[in-house]
Amino acid sequence: MHRVMLPDGETVPALGQGTWKMADVRGRRREEIAALREGIALGMTLIDTAEMYGEGLAEELVGEAVEGLRDEVFIVSKAYPQNASRERLHAACERSLRRLGTERIDLYLLHWRGGVPLAETVEAFEGLRADGKIRHWGVSNFDTQDMEELFAAGGERCATNQILYNFGRRGAEFELLPWLAKHKMPAMAYSPVEQGRLPATGVLAEIAKAHGASLAQIALAFLLRRKDLIVIPKAGSIEHVRENHRALEITLSAEELSGIDRTYPPPRRKAPLEML
Ligand code: NAP
């Protein structure tokens with residue numbers, strides 16, 4: 001699997017694993033842990049979670065899934081905006097560390113922008129980094145203007161911006177993705193298979209048929225062709241994890257990409273960043 005470079009030169013696998021809604025249904029827990037472990041075995045070692053997911057239950061599930069494998073994985077977690085202050089971020093991070101059963105979070109993100117001044121959040125992130133509690137920090141759901149303000153607030157060490165981006169939600173291509181590229185900062189694409197709501201007919205289905213592939217694999221291949229993007233599908237079964245991993249083998253032709261552009265046109269003007 002190709003790797004994607006963070007601004008400080010460290011690399012992470014291009015295809016990782018999401019965990020939103022994991023641990024929601026008790027009966028699926030064992031399968032979800034097995035799915036994450038299968039993904040790790042396949043090299044999808046970047047795992048994305050958040051204190052918000054199940055109010056800590058997803059982080060606990062991740063902790064269980066990576067037991068004995070901690071040094072192989074790159075854990076991403078996120079703090080609520082209301083916890084992004086000098087006083088609260090440290091405690092939120094400690095709670096996440098405890099649930100994850102680890103001594104360090106590899107990449108700690110601000111889940112979305114809230115009322116805490118960015119300079120204060122940057123200072124709090126840098127404090128956690130200095131203490132060895134986190135290795136990198138970043139943001140999520142930040143539009144171009146937010147990124148500009150973050151940098152103006154001393155946030156040039158931001159490692160990534162995790163955003164909603166997939167074949168049908170391409171607004172970021174107009175301004176935000178070029179901005180991040182200019183700053184050598186990879187984006188992390190969430191909801192890459194549109195939360196499983198993929199159109200059974202139309203251009204994706206035609207391309208999938210031609211490749212003997214699934215709709216999800218084509219949606220992932222569309223994103224994985226970019227070398228500056230980390231892609232984090234959530235899959236709650238071993239079958240889905242294996243299927244998603246095989247998307248790495250698919251190369252879409254120029255003709256197929258034009259077909260996608262015709263149905264899902266790239267943006268021609270700036271629109272506000274969408275979020276889920
Ligand atoms: P997603 O990854 O696009 O879709 C997940 C859904 O697609 C699940 O229902 C899953 O079902 C299904 N799926 C996965 N692989 C499949 C396959 N091969 N074939 C058919 N269905 C498949 O959506 P997401 O969970 O919203 O986004 C991914 C991750 O990004 C999240 O889990 C979370 O970690 C992160 N995220 C971040 C934010 C943010 O604000 N920063 C927002 C949303 C998401 P099964 O579970 O049954 O496999």
Side-chain angles (χ1 to χ4, degrees), residues 1-6 10-23 28-50 53 58-78 100-102 104-109 135-136 138 140 159-167 186-196 198 211 213-252:
M1 178 185 322
H2 64 280
R3 297 179 70 87
V4 175
M5 200 184 282
L6 302 178
E10 186 168 333
T11 64
V12 296
L15 185 61
Q17 305 186 74
T19 64
W20 191 19
K21 302 198 176 109
M22 281 194 181
R28 286 194 71 178
R29 185 181 186 83
R30 222 203 283 226
E31 195 185 4
E32 289 165 346
I33 289 174
L36 286 174
R37 290 182 77 95
E38 176 70 9
I40 294 167
L42 290 169
M44 297 157 70
T45 51
L46 181 148
I47 299 181
D48 178 76
T49 189
Y53 301 165
E59 287 184 325
E60 281 177 8
L61 186 144
V62 170
E64 207 176 317
V66 305
E67 229 179 283
L69 301 171
R70 179 63 189 95
D71 291 340
E72 288 177 42
V73 296
F74 186 98
I75 296 180
V76 184
S77 194
K78 315 184 201 75
L100 289 161
T102 185
R104 65 190 189 285
I105 291 171
D106 296 292
L107 173 57
Y108 198 33
L109 307 180
R135 295 180 51 245
H136 306 270
S140 179
T160 191
N161 182 10
Q162 184 180 114
I163 56 168
L164 175 60
Y165 179 54
N166 64 39
F167 64 94
M188 199 180 286
Y190 74 70
S191 307
V193 300
E194 189 58 22
Q195 303 196 311
L198 296 166
H211 284 266
S214 70
L215 296 168
Q217 286 174 322
I218 301 304
L220 292 172
F222 174 78
L223 297 174
L224 288 165
R225 79 190 196 288
R226 289 184 70 116
K227 299 306 165 213
D228 58 351
L229 205 60
I230 302 155
V231 183
I232 51 167
K234 176 260 181 186
S237 69
I238 287 181
E239 291 68 33
H240 279 172
V241 168
R242 288 186 181 149
E243 184 179 318
N244 294 347
H245 179 257
R246 284 197 304 273
L248 287 160
E249 295 161 16
I250 299 171
T251 304
L252 301 177

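We count residues from 1, following the sequence as given. For clarity, every value in this text was computed on a predicted model and none was experimentally measured. All heavy atoms count here, side chains included; hydrogens, waters and symmetry mates do not.
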Handout entry: Pairing residues for Lys21 by the side chain to side chain contact (heavy atoms under 4.5 Å, CB included) criterion, not counting sequence neighbours
Key = Asp24, Gln195
Completion exercise
In short, Ala159 meets His136 closest at the heavy-atom pair CB-CB, 4.0 Å
Fill in the blank from the handout: One should read off an interatomic distance between Glu38 CD and Asn244 CG, to the nearest 0.5 angstrom, of 11.5 Å
Problem - Arg37 vs Ile238 side-chain heavy atoms within contact, under 4.5 Å - result: no
Handout entry: Closest contact, heavy atoms only, Gly236 versus Ala35
Key = C-CB, 3.9 Å
Practice task
Check whether any side-chain heavy atom of Thr160 lies under 4.5 Å from a side-chain heavy atom of Leu109, and answer yes or no.
Solution key: yes
Exercise for the section: Side-chain contact test, heavy atoms from C-beta onward, threshold under 4.5 Å: evaluate it for Tyr190 versus Gln162 and give yes or no. Expected result: yes
Completion exercise
Taking every heavy atom of Asn166 against every heavy atom of Pro192, the minimum-distance pair comes out as CB-O, 3.5 Å
Exercise for the section: Could you check if a side-chain atom of Leu198 sits within less than 4.5 angstrom of a side-chain atom of Phe167, using non-hydrogen atoms only? Expected result: yes
Exercise for the section: Would you indicate whether Met5, at its atom CE, is surrounded by more than 12 heavy atoms from other residues, nucleotides or ligands within a distance under 6.0 Å? Expected result: no
Handout entry: Side chains of Glu72 and Val66 in contact at under 4.5 Å (non-hydrogen atoms)
Key = no
Problem - Spatial distance of atom CZ (Arg135) from atom CD1 (Ile105) [nearest 0.5 Å] - result: 12.0 Å
Exercise for the section: Please report the C-alpha distance between Arg70 and Arg104 in whole Å, then the side-chain angles of each, then the deciding distance to 0.1 Å, and finally whether the side-chain contact (heavy atoms from CB on, under 4.5 Å) criterion is met. Expected result: CA-CA 10 Å; Arg70 179 63 189 95; Arg104 65 190 189 285; 3.7 Å; yes
Problem - Note, Leu252 side chain near His211 side chain (heavy atom, < 4.5 Å) - result: yes
Exercise for the section: State, with a plain yes or no, whether a side-chain heavy atom of Val76 is found less than 4.5 Å away from one of Ile232. Expected result: no
Practice task
Return the minimal non-hydrogen interatomic distance between Ile40 and Ala65, and the atom names on each side.
Solution key: CD1-O, 4.4 Å
Practice task
For Pro233 and Gly16, work out which heavy atoms get closest and say how close.
Solution key: CD-O, 3.5 Å
Problem - Pair Tyr53-Lys78, side-chain contact (heavy atoms from CB on, under 4.5 Å): steps then yes or no - result: CA-CA 10 Å; Tyr53 301 165; Lys78 315 184 201 75; 2.9 Å; yes
Problem - Validation row: Thr45, Leu69 side chains within 4.5 angstrom (heavy atoms) - result: no
Tabulate below the donor-acceptor pairs under 3.5 Å that side-chain atoms of residues 216-230 make, not counting sequence neighbours, or state none.
{"residue": "Gln217", "atom": "OE1", "partner": "Ser214", "partner atom": "N", "Å": "2.9"}
{"residue": "Gln217", "atom": "NE2", "partner": "Glu243", "partner atom": "O", "Å": "2.9"}
{"residue": "Arg225", "atom": "NH1", "partner": "Phe222", "partner atom": "O", "Å": "2.3"}
{"residue": "Arg226", "atom": "NE", "partner": "Asp228", "partner atom": "OD1", "Å": "3.1"}
{"residue": "Arg226", "atom": "NH2", "partner": "Asp228", "partner atom": "OD2", "Å": "3.3"}
{"residue": "Lys227", "atom": "NZ", "partner": "Leu224", "partner atom": "O", "Å": "3.2"}

Handout entry: From Glu31 atom CD to Met22 atom CE, the distance as rounded to the nearest 0.5 Å
Key = 9.5 Å
Exercise for the section: Please lay out, stage by stage, how Leu61 and Leu36 fare under the test side-chain contact (heavy atoms from CB on, under 4.5 Å). Expected result: CA-CA 10 Å; Leu61 186 144; Leu36 286 174; 3.6 Å; yes
Problem - Asp106 side chain to Ile75 backbone, donor-acceptor under 3.5 Å - result: yes
Problem - Side-chain (Ser77) to main-chain (Tyr108) donor-acceptor, under 3.5 angstrom - result: no
Exercise for the section: Measure across Ala235 and His240 and return the closest heavy-atom pair with its distance rounded to 0.1 Å. Expected result: CB-CB, 3.6 Å
Completion exercise
When rounded to the nearest 0.5 Å, the distance separating CE of Met44 from CG of Leu15 is 4.0 Å
